[in-house]
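Along the sequence shown, the residues carry numbers beginning at 1.
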Amino acid sequence: MFKKVLQGLNQKKAKVFSLFLICSFLAWFISNLSETYESRAFFTLNYRNLPDSLLLGKNSNNEIEAKLRTSGFQFLYYKIFRSQIDIDVSQVEYRNGQYVLSEEMLRRQMDQQLSQNISLLDLDRNVLDVDLYQVDSKKIPIKANLKLQLQQNHILDGKIMVSPDSIEVKGPKNEIDTIKSIKTAAIQLTDVNEDFSSEVSLVFPKGLDNSIFSEGRATVSGKVSKFSEKVFDVPIQVVNAPEGYQIRTFPNSVTILCKATIERLKEISASDFEIVADYGQLDGSESSKLFLEITESPQKVYDIKLEENTVNFVLEQQ
């Protein structure tokens with residue numbers, strides 16, 4: 001019984017002693033952290049206030065090492081959490097073909113952002129090289145990369161629409177001058193019988209590391225209508241008849257097959273077409289046929305087809 005009590009007391013003494021050691025170490029550690037030290041710390045650089053005429057390249061330095069004088073607490077913070085420094089790019093200078101921020105300006109910007117109890121003693125460089133380049137800009141059309149298969153008796157009513165129809169690109173002139181158009185990602189639609197709309201990403205050419213595009217996506221859409229057919233009987237007009245002669249064609253009219261939407265076909269008449277037979281095309285040959293050509297036709301139709309491409313004729317002296 002006495003032995004168990006003695007063991008219990010020894011365990012309590014051991015715990016108290018351990019706690020004493022921990023508290024002593026913490027007191028020593030905190031006391032040392034409150035001391036002033038000189039040491040080095042790293043800062044992540046964030047570039048701000050870029051002029052409209054310049055863009056930031058991918059080779060800019062993204063960190064800087066500085067020698068500081070401050071308390072151990074501050075150094076502990078910088079070791080655990082790497083701090084950030086904003087670099088005002090509008091204050092760079094152009095020297096020997098490169099944009100730089102002088103040591104004086106760099107120190108001033110860093111001092112303004114460091115705490116009052118931190119002294120900036122030294123930097124790992126005399127100047128900060130900033131990878132900047134002059135930019136040009138232009139608008140580039142977007143083209144739809146679309147494979148469209150319509151259902152039977154359906155037509156695309158109008159043009160394929162792309163929204164936006166163009167984007168702005170900014171970058172070095174030698175880069176953006178190579179871009180003529182931007183394509184959308186591939187779209188494949190089959191058995192379509194109604195209006196469609198698809199939002200897709202844009203596919204940018206490779207090798208444009210320093211160019212920036214205003215948009216990354218576009219919407220491709222189109223209107224689909226059901227079509228019908230209608231036949232029109234259109235008179236033939238003969239041109240370039242030889243002087244003193246008139247030309248009579250057999251027949252004197254030709255049939256045209258027109259495909260369009262039902263609503264559009266209701267608006268079309270034979271007078272909307274013009275069919276011409278040009279005698280001058282014979283160029284002295286003795287052919288008895290003239291080729292026919294559609295020289296006028298209505299808009300917003302899907303297809304126009306002549307039932308006959310040639311016509312017989314005779315010359316009659318006046």
Side-chain angles (χ1 to χ4, degrees), residues 40-68 78 81-114 120-146 160-186 199-220:
R40 309 193 77 83
F42 287 93
F43 294 87
T44 301
L45 301 180
N46 294 322
Y47 295 95
R48 299 286 187 265
N49 298 328
L50 269 75
D52 293 337
S53 60
L54 297 175
L55 278 180
L56 185 66
K58 295 187 176 181
N59 296 321
S60 292
N61 296 298
N62 58 10
E63 70 175 17
I64 192 170
E65 185 183 13
K67 184 177 181 181
L68 307 176
Y78 287 128
F81 308 102
R82 177 173 291 191
S83 292
Q84 298 185 351
I85 292 292
D86 290 338
I87 300 299
D88 187 353
V89 180
S90 66
Q91 298 180 340
V92 297
E93 301 174 13
Y94 192 67
R95 298 180 186 173
N96 300 322
Q98 193 167 7
Y99 292 93
V100 298
L101 194 68
S102 66
E103 182 179 15
E104 178 185 359
M105 187 58 66
L106 182 58
R107 281 177 171 271
R108 185 182 304 172
Q109 290 192 22
M110 293 186 67
D111 278 331
Q112 291 173 350
Q113 298 174 62
L114 293 173
L120 177 60
L121 302 179
D122 191 22
L123 295 172
D124 63 353
R125 66 201 69 192
N126 294 327
V127 294
L128 177 64
D129 296 329
V130 185
D131 184 20
L132 296 172
Y133 54 91
Q134 292 282 342
V135 297
D136 202 353
S137 66
K138 71 175 183 178
K139 280 193 172 184
I140 301 173
I142 301 175
K143 294 186 177 180
N145 184 9
L146 172 65
I160 299 291
M161 303 298 294
V162 182
S163 180
D165 61 357
S166 62
I167 59 174
E168 184 179 20
V169 58
K170 291 183 177 181
K173 183 175 176 59
N174 62 341
E175 273 193 11
I176 68 175
D177 279 351
T178 64
I179 314 170
K180 305 305 179 185
S181 64
I182 296 294
K183 287 186 177 181
T184 68
E199 184 181 359
V200 291
S201 59
L202 301 178
V203 179
F204 299 113
K206 295 181 179 180
L208 304 178
D209 297 333
N210 296 311
S211 295
I212 297 177
F213 297 87
S214 61
E215 300 286 345
R217 301 183 67 82
T219 300
V220 178

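Taken from CG in D88 to CZ in R48, the straight-line distance is 10.5 Å, to the nearest 0.5 Å. N126 contributes atom CG, which lies 10.5 Å from atom CG of L106 (distance to the nearest 0.5 angstrom). N61 CG to D131 CG: the interatomic distance, rounded to the nearest 0.5 Å, is 9.0 Å. A distance of 11.0 Å separates CZ in R125 from CD in E103, rounded to the nearest 0.5 Å. Distance check, rounded to the nearest 0.5 Å: CD1 of I179 to CD1 of I140 gives 4.0 Å. Taking CZ of R108 as the reference point, atom OG of S102 lies at 8.0 Å (rounded to 0.5 Å).
One finds no salt bridge joining R107 and D111 here, because no Lys/Arg side-chain nitrogen approaches an Asp/Glu carboxylate oxygen to under 4.0 Å.
Counting heavy atoms from C-beta on, the side chains of K143 and V162 never come closer than 4.5 Å. By the 4.5 Å heavy-atom criterion applied to side chains, Q84 and T44 are counted as neighbours. Two residues are said to be in side-chain contact when any heavy atoms from C-beta on lie closer than 4.5 Å; I64 and I85 fail this criterion. Within the 4.5 Å cutoff, the side chain of E93 has no heavy atoms near those of the V127 side chain. Between N46 and D86 the shortest side-chain heavy-atom distance falls below 4.5 Å. The closest side-chain heavy-atom distance from L132 to L56 is below 4.5 Å. A 4.5 Å side-chain heavy-atom check between Q134 and L54 finds at least one atom pair inside the cut-off. Put simply, the side chain of I182 reaches to within 4.5 Å of the side chain of P205, judged on heavy atoms.
Although no hydrogens or angles enter the test, the distance criterion places a donor-acceptor pair under 3.5 Å between the side chain of S214 and the main chain of E168. In this structure a side-chain-to-backbone donor-acceptor pair under 3.5 Å is missing from N145 to K183.
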Open item on the list: Walk me through whether D165 and I142 qualify under side chain to side chain contact (heavy atoms under 4.5 Å, CB included).
Closed with: CA-CA 5 Å; D165 61 357; I142 301 175; 6.0 Å; no
TODO: I would like to know whether T184 and V220 meet side chain to side chain contact (heavy atoms under 4.5 Å, CB included); could you show each step before the answer?
DONE: CA-CA 9 Å; T184 68; V220 178; 4.1 Å; yes
TODO: Start with the C-alpha gap between Q109 and Q91, add the side-chain angles, then the distance that decides, and say whether side chain to side chain contact (heavy atoms under 4.5 Å, CB included) holds.
DONE: CA-CA 10 Å; Q109 290 192 22; Q91 298 180 340; 2.8 Å; yes
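Ring geometry for F213 versus F204: interplanar angle under 30°, hence parallel rather than tilted (30 to 60°).
For the residue pair S137 and I176, the shortest heavy atom distance occurs at N-CD1, 3.8 Å. Between E175 and T178 the shortest heavy-atom distance is O-OG1, 2.5 Å. Minimum heavy-atom separation, Y133 to P172: CE1-CD, 3.4 Å. Here the closest non-hydrogen pair linking P164 and R217 is CD-O, 4.1 Å.
Shown here is K138, whose NZ atom has more than 12 heavy atoms of other residues, nucleotides or ligands within 6.0 Å.
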